[in-house]
Q: 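Before I ask anything, let me first share the structure, which is written out below as structure tokens.
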Amino acid sequence: FIGDARQAELWYAKAIMRNAPDPKVFYYYAEMLKMGEKYDEAIEQYQKYKELVPNDPLAEVGIKSCELAQQWIASPSGYEVVNMRAINSRQSDFSPTYASEDYSILFFTSSRDKATGSRKHAGTGEKFTDIFVTQRDRRGNWSDPRPLDESINTAYDEGTPSLTADLNKLYFTRCRTSRRNKLGCEILVSERREQGWLTPDPIPIAADSMVVAHPSISDDELTLYFVANIPGGYGGNDIWKITRTSPSDNWGEPVNLGPEINTRGNEMFPYIHSDGTLYFSSDGHPGMGGLDIFRATPSNGNGWTVENMRYPINS
């Protein structure tokens with residue numbers, strides 16, 4: 001749960017040696033082996049789980065994932081992946097979005113030491129995240145990232161920025177906590193003025209205790225894609241959308257994107273491209289490790305065709 005697959009692999013192995021009674025231990029052990037790129041060993045453990053729980057489709061997904069991963073590594077796609085060392089920190093840096101038409105300003109989420117507040121996140125051991133901004137100069141060098149306005153960042157978790165096509169409205173996530181527990185996550189929207197970003201307004205989608213996060217606004221501002229664990233989904237976190245008939249109207253009720261996109265696992269971090277392609281992360285579709293990045297293209301009116309972005313985008 002804290003993302004330390006290497007240690008988890010060791011302890012699942014020890015649990016199996018001690019005859020742990022829950023057959024799911026073989027599945028979790030296989031998942032950790034897969035994340036360590038030990039694909040043949042992972043297949044063995046998925047098969048043991050399948051023998052014990054033959055009706056669970058997760059075993060087949062795991063086996064297929066390992067077989068595909070080995071094929072993808074053997075024949076990489078045409079992408080080249082370069083580390084953005086000038087921007088990255090020792091902590092988590094994720095969910096980037098361009099904030100200028102010439103691609104010279106970048107917003108992203110980070111839990112680095114400069115983030116607001118002093119408390120540590122119980123799940124990650126890092127600070128609560130903030131939205132940061134960096135700018136590229138004429139030589140192509142990125143500036144030292146700084147936190148966005150105080151109207152956006154607080155002592156809570158803020159992140160996953162999404163800007164409208166005119167770059168004047170910012171949708172983002174805020175997750176609040178009390179001393180005792182997590183209070184849920186919500187999506188907020190702020191407008192840009194000459195003096196900076198205005199105090200954001202929440203978008204009422206679900207109860208305060210639910211997770212509603214990771215917004216992505218369409219170019220026409222009529223559809224907002226997001227992640228939620230609200231009732232009516234297919235598994236953990238699903239991708240949903242809300243729509244409206246004009247940018248000045250109220251939003252409609254949440255609509256789940258359906259079983260072609262959503263699985264029994266977690267679907268997260270949607271990004272809707274201007275051409276209608278939806279990119280997202282998932283640990284439920286066949287993939288190479290934990291979360292992989294997928295591309296979904298609209299098909300037959302309401303359906304989607306989903307494909308893994310393969311190696312080296314995914315690892």
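No experiment lies behind these values; they were computed from the predicted model shown.
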Q: Does atom CD (E253) have a neighbourhood of more than 12 heavy atoms from anything else shown, all under 6.0 Å?
A: no
Q: State, to 0.1 Å, how close K120 and G125 come at their nearest heavy-atom pair, and which atoms those are.
A: CD-O, 3.4 Å
Q: Heavy atoms only: give me the nearest D292-G287 pair and the separation to one decimal.
A: OD2-CA, 3.1 Å
Q: May I ask you to test the F226-I205 pair for a side-chain heavy-atom distance under 4.5 Å?
A: yes
Q: For residues V81 and P312, report the shortest heavy-atom separation together with the two atoms involved.
A: CG2-O, 3.5 Å
Q: Below 4.5 Å, heavy atoms only, C-beta onward: do T109 and F132 meet side chain to side chain?
A: no
Q: Do you know the tightest heavy-atom contact between P270 and L278?
A: CB-CD1, 4.1 Å
Q: Under a plain distance cut-off of 3.5 Å, with no hydrogens placed, do D238 and N229 share a side-chain donor-acceptor pair?
A: no
Q: With a 3.5 Å distance limit and no angle check, can you tell me whether S100 reaches the backbone of I105 through a side-chain donor-acceptor pair?
A: yes
Q: What side-chain donor-acceptor pairs closer than 3.5 Å can you find for residues 21-31, not counting sequence neighbours?
A:
from: D22; atom 1: OD1; to: K24; atom 2: N; distance (Å): 2.9
from: E31; atom 1: OE2; to: Y46; atom 2: OH; distance (Å): 2.5

Q: Are the side chain of T173 and the backbone N or O of H214 linked by a donor-acceptor pair below 3.5 Å?
A: yes
Q: Do E9 and K38 sit within salt-bridge range, that is, some charged N less than 4.0 Å from a carboxylate O?
A: yes
Q: Of all residues at least two apart in sequence or in a different chain, which pass the ring-ring contact (aromatic ring centres under 6.0 Å, His included) check with Y279?
A: none
Q: If you look at every heavy atom in A296 and V306, which pair is closest and at what distance?
A: CB-CG2, 4.0 Å
Q: What distance separates N237 CG from I230 CD1, expressed to the nearest 0.5 Å?
A: 10.5 Å
Q: Name each donor-acceptor pair under 3.5 Å that joins a side chain in residues 144-152 to protein atoms two or more places apart or in another chain, with its distance.
A:
from: D144; atom 1: OD2; to: K114; atom 2: NZ; distance (Å): 2.6
from: D149; atom 1: OD2; to: W197; atom 2: N; distance (Å): 2.9
from: S151; atom 1: OG; to: W197; atom 2: O; distance (Å): 2.7

Q: Would you check if there is a donor-acceptor pair between the side chains of Q91 and S111 at a distance under 3.5 Å?
A: no
Q: Return the set of residues passing side-chain contact (heavy atoms from CB on, under 4.5 Å) with R6 (not counting sequence neighbours), or none when no residue passes.
A: D4
Q: Could you measure the distance from the CE atom of M288 to the CE atom of M35? Nearest 0.5 Å is fine.
A: 12.0 Å
Q: To the closest 0.5 Å, what do you measure between CG (L291) and CD (E267)?
A: 9.0 Å
Q: Go through the structure and list residues passing salt bridge (Lys or Arg N to Asp or Glu O under 4.0 Å) with R174, not counting sequence neighbours.
A: E158
Q: Regarding S143 and Q135, is there a side-chain donor-to-acceptor distance under 3.5 Å anywhere?
A: no
Q: Quick one: does any side-chain atom of N262 pair with a main-chain N or O of Y234 as donor and acceptor, under 3.5 Å?
A: no
Q: Among residues at least two apart in sequence or on other chains, which ones pass salt bridge (Lys or Arg N to Asp or Glu O under 4.0 Å) with R192?
A: none
Q: Taking all heavy atoms of G284 and all of V61, pick out the closest pair and write down the distance.
A: O-CG1, 3.6 Å
Q: Taking atom OH of Y79 as the centre, report whether more than 12 heavy atoms of other residues, nucleotides or ligands fall under 6.0 Å from it.
A: no
Q: Please determine whether residues M210 and M268 belong to a single hydrophobic cluster, defined as Ile, Leu, Val, Met, Phe, Trp and Tyr linked transitively by side-chain heavy-atom distances below 4.5 Å.
A: no
Q: Considering only residues two or more places apart or on different chains, which pairs with a residue in residues 50-69 satisfy side-chain hydrogen bond (donor to acceptor under 3.5 Å, both in side chains)?
A: Y49-D56, K50-E60, D56-R264
Q: Going by heavy atoms in the side chains, are E191 and K169 under 4.5 Å from each other?
A: yes
Q: Is there a path of hydrophobic side-chain contacts, each under 4.5 Å between heavy atoms of I, L, V, M, F, W or Y residues, that connects I187 with F172?
A: no
Q: Do M84 and W142 come close enough that some side-chain heavy atom pair is under 4.5 Å?
A: yes
Q: Heavy-atom distance under 4.5 Å between the side chains of I203 and L224, does that happen here?
A: yes
Q: State whether the side chain of K127 and the backbone N or O of A115 hold a donor-acceptor pair below 3.5 Å, judged by distance alone.
A: yes
Q: Would you give the length of the straight line joining atom CG of D93 to atom OG of S110, rounded to the nearest 0.5 angstrom?
A: 4.0 Å
Q: Do T116 and N153 meet the criterion of a side-chain donor-acceptor pair at a distance under 3.5 Å?
A: no
Q: How far does OG1 of T160 sit from CD1 of I131, to the nearest 0.5 angstrom?
A: 7.0 Å
Q: Side-chain donor-acceptor contacts of residues 239-249 below 3.5 Å, not counting sequence neighbours, with atom names and distances?
A:
from: R244; atom 1: NE; to: E221; atom 2: O; distance (Å): 2.9
from: R244; atom 1: NH1; to: P247; atom 2: O; distance (Å): 3.3
from: R244; atom 1: NH2; to: E221; atom 2: O; distance (Å): 3.0
from: T245; atom 1: OG1; to: D249; atom 2: OD2; distance (Å): 2.3
from: S246; atom 1: OG; to: S248; atom 2: N; distance (Å): 3.4
from: S246; atom 1: OG; to: S248; atom 2: OG; distance (Å): 3.1
from: S246; atom 1: OG; to: D249; atom 2: OD2; distance (Å): 3.4
from: D249; atom 1: OD2; to: S246; atom 2: N; distance (Å): 3.4

Q: Looking at residues at least two apart in the chain, or sitting in another chain, which of them share a side-chain contact (heavy atoms from CB on, under 4.5 Å) with N141?
A: D137, R139
Q: With a 4.5 Å limit on heavy-atom distance, are the side chains of L163 and P161 in contact?
A: no
Q: Within the side chain of S190, is there an N or O that forms a donor-acceptor pair under 3.5 Å with the backbone of L198?
A: yes
Q: Does any non-hydrogen side-chain atom of Y12 lie less than 4.5 Å from one of K14?
A: no
Q: Would you be so kind as to tabulate the donor-acceptor pairs closer than 3.5 Å made by side chains of residues 70-77, with sequence neighbours excluded?
A:
from: Q70; atom 1: NE2; to: D40; atom 2: OD1; distance (Å): 3.1
from: S75; atom 1: OG; to: Q71; atom 2: O; distance (Å): 3.1
from: S77; atom 1: OG; to: Y311; atom 2: O; distance (Å): 3.1

Q: Could you tell me which residues satisfy salt bridge (Lys or Arg N to Asp or Glu O under 4.0 Å) with D283, sequence neighbours excluded, listed by chain and number?
A: none
Q: How far does OG of S216 sit from OH of Y225, to the nearest 0.5 angstrom?
A: 8.5 Å
Q: Do the two ring centres, one from Y156 and one from F128, sit under 6.0 Å apart?
A: no
Q: For E41, which residues count as a salt bridge (Lys or Arg N to Asp or Glu O under 4.0 Å) partner, sequence neighbours excluded?
A: none
Q: Would you please indicate if the ring centroids of H285 and F294 are separated by under 6.0 Å?
A: yes
Q: Please examine the side chains of R310 and N314, heavy atoms only from C-beta on, and report whether any two atoms are closer than 4.5 Å.
A: no
Q: Any chance CD of E307 has more than 12 other-residue heavy atoms, nucleotides or ligands included, within less than 6.0 Å?
A: yes
